[in-house]
> 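Here you go, one structure.
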Amino acid sequence: MSMNGWRSFPFLLMGFWFFIAGGFFNAEVFAQQKMGDVYEGFATVQVQGENYVVAREKAVNLALKNGLEEALKEMMGEEEFEANQRDLRKILRRASRYVKSYRFVEAHDDLTSRTSDVRLEMRFFPSALSQALAGLGVITGPASENKVAVLIKETSFTSAPVNSFWDIFPISETQLVKNLMEDGIEVIGREQLRELISETTVLNAIKGDLSSARSIGLKTGADIVIVGTAVSSLRGKNAKDDIKTVQANINVKVVSTLESSLIAAKSDFSTIKHEQALQAELEAFDIASKKLADFLIPSFRRYWEKGVEAPVKKVPEAPPLSMSDM
């Protein structure tokens, strides 16, 4: 056996032992954070002197760290990972703590370039990693069953424009939350959501980014996230009796935190006539929200009983407003 082979052999044995002892093929599903089974990490370390053993150990530790980075990015999304890099260093520095098992895919000592190269496949302890993230305040831990987060970007013709998503309490969102709670569904309050979620993440989720919607669920502990847009408009005014016709449209998407997939999508509207434009708007949003809740609640029940259902067929009752147009 060559010198390179002899140097690699003890480490290959060690990797094989971890592979067997860790039960590499036992499927432990990190359901709560949707963690994958196997991750890969690669590292090259320069050898100091002739100490290839130390270089190999450093390469293994670095490869484990790189694999953990990929796992965290998958769990949190690229945006959240970048935003929380400073806090995540505490976890990445101790990557080996969270490794359940690993094995060598490649292991090579290059005598010419004086480097030690390794490529590893690894699996992590999901509960320990989840606990560490929760301890840093990055996520709250496992998503809770039957808990919902609702975030709607509303444009109201009776209200002045606002600079921040968090500066208002949308009528549509408030009414939808009220309808869900009346049916016994636990909804996380907007004030709590504001403390945990960045405006950028919310707006990306509203635009249709599933990873951002999932991030909302992970950080708040909600297993279902509802995001969408709402708009009210003055459709007409009777000059004779000063009756205003107001239409409210709401468009939502419902995302599973655990599956990072779409559970349901629905657009609804209501048109109300009243002397007072604000009163007409309130009633229109109330009715549209009630119609949405009547549609969505059975979807929630089916999801909680059976998991993600088949794509919903939407029958538009009015020309739907595109989320990108609001």
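Bear in mind that the values here come from a model prediction, so they are computed numbers and not experimental data.
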> Should R214 and L210 count as side-chain neighbours, where that means a heavy-atom distance under 4.5 Å?
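No, too far: nothing below the 4.5 Å cut-off.
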> Closer than 3.5 angstrom, by distance alone: can the side chain of N251 be matched with the main-chain N or O of S267 as a donor-acceptor pair?
no
> Output the distance between atom CG (N204) and atom CD (E199), rounded to the nearest 0.5 Å.
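Going from the CG atom of N204 to the CD atom of E199 covers 10.5 Å.
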> Is any NZ, NE, NH1 or NH2 atom of the basic residue among D223 and K147 found under 4.0 Å from an Asp or Glu carboxylate oxygen of the other?
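So D223 does not pair with K147 through a salt bridge.
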> For the pair D110 (side chain) and T115 (backbone), establish whether a donor and an acceptor sit closer than 3.5 Å, ignoring hydrogens and angles.
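Side chain of D110 to backbone of T115, a donor-acceptor pair under 3.5 Å: no, none is there.
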> Could you work out, with salt bridge (Lys or Arg N to Asp or Glu O under 4.0 Å) as the rule, every residue matching E182, not counting sequence neighbours?
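E182 satisfies salt bridge (Lys or Arg N to Asp or Glu O under 4.0 Å) with K178 only.
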> Hydrophobic cluster membership, with links at side-chain heavy-atom distances under 4.5 Å among I/L/V/M/F/W/Y: are I226 and I263 in one?
yes
> Any salt bridge between D286 and K290, counting N to O under 4.0 Å?
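No, this pair does not count.
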> When hydrophobic residues are tied together by side-chain contacts of less than 4.5 Å, even through go-betweens, does V227 share a cluster with W166?
yes
> For residues L120 and Y39: do they belong to one hydrophobic cluster (side chain heavy atoms under 4.5 Å, members Ile, Leu, Val, Met, Phe, Trp, Tyr)?
yes
> Please evaluate residues S198 and T200 with respect to the criterion side-chain hydrogen bond (donor to acceptor under 3.5 Å, both in side chains), reporting the C-alpha separation (whole Å), side-chain torsions for both, the decisive distance (0.1 Å), and the verdict.
CA-CA 5 Å; S198 70; T200 300; 4.9 Å; no
> Do you know which two heavy atoms are closest between L292 and K266, and how far apart they sit?
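Where L292 meets K266 most closely, the heavy atoms are CD2-CG, 3.3 Å.
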> Would the distance check show the side chain of Q46 and the main-chain N or O of R114 forming a donor-acceptor pair, the cut-off being under 3.5 Å?
yes
> Could you tell me how the ring of W304 sits relative to the ring of F300: parallel (under 30°), tilted (30 to 60°) or perpendicular (over 60°)?
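Tilted, since the angle between the ring planes falls between 30° and 60°.
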> Using modelled atom types and a 3.5 Å cut-off, is there a donor and acceptor pairing between side-chain atoms of R190 and backbone atoms of I168?
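Yes, the answer is positive, given that a donor and an acceptor are paired below the 3.5 Å cut-off.
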> Using every non-hydrogen atom in the two residues, find where T257 and A222 come nearest and quote the distance to one decimal.
OG1-O, 2.7 Å
> Where the side chain of E106 meets the backbone of R119, is there a donor-acceptor pair that is under 3.5 Å apart?
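A pair under 3.5 Å: no.
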> Taking only residues two or more places apart in sequence, or in another chain, which ones meet R194 in a salt bridge (Lys or Arg N to Asp or Glu O under 4.0 Å)?
none
> Does R235 make a cation-pi contact with F157 (under 6.0 Å, within 45 degrees of the axis)?
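Ring-cation test returns no.
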> Work out which heavy atom in M122 is nearest to a heavy atom in G41; give both atom names and the distance.
CE-N, 3.5 Å
> Does S116 reach the main-chain N or O of D109 with its side chain, forming a donor-acceptor pair under 3.5 Å?
no
> Identify the heavy atoms of A277 and V246 that sit nearest to each other, and give their distance.
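Heavy atoms only, the tightest pair is O-CG2, 4.0 Å.
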> When rounded to the nearest 0.5 angstrom, what is the spacing between CD in Q276 and NZ in K244?
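Reported to 0.5 Å precision, the distance equals 6.0 Å.
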> How many angstroms lie between CD in Q247 and CD1 in I272, if you round to the nearest 0.5 Å?
10.5 Å
> List the atom pairs, with distances to 0.1 Å, where a side-chain N or O of residues 86-98 and a protein N or O form a donor-acceptor pair under 3.5 Å, not counting sequence neighbours.
| unit_1 | atom_1 | unit_2 | atom_2 | d |
| --- | --- | --- | --- | --- |
| R94 | NH1 | K90 | O | 3.0 |

> Sub-3.5 Å donor-acceptor pair from the side chain of K291 to the main-chain atoms of F269, do we have one?
yes
> Quick check: is L193 connected to I206 through a chain of hydrophobic side chains (ILVMFWY, heavy atoms under 4.5 Å apart)?
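In one cluster: yes.
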> List the steps, then state whether side-chain hydrogen bond (donor to acceptor under 3.5 Å, both in side chains) holds for D117 with T44.
CA-CA 4 Å; D117 309 319; T44 297; 2.9 Å; yes
> Nearest 0.5 Å please: distance from the CG atom of L72 over to the CG atom of L68.
4.5 Å
> For E154 and E173, which heavy atoms make the closest approach, and how far apart are they?
OE1-N, 4.4 Å
> Begin with the C-alpha distance, continue with both residues' side-chain angles, and end with the deciding distance and a verdict on side-chain hydrogen bond (donor to acceptor under 3.5 Å, both in side chains) for E195 and Q192.
CA-CA 5 Å; E195 295 298 320; Q192 182 181 348; over 6 Å; no
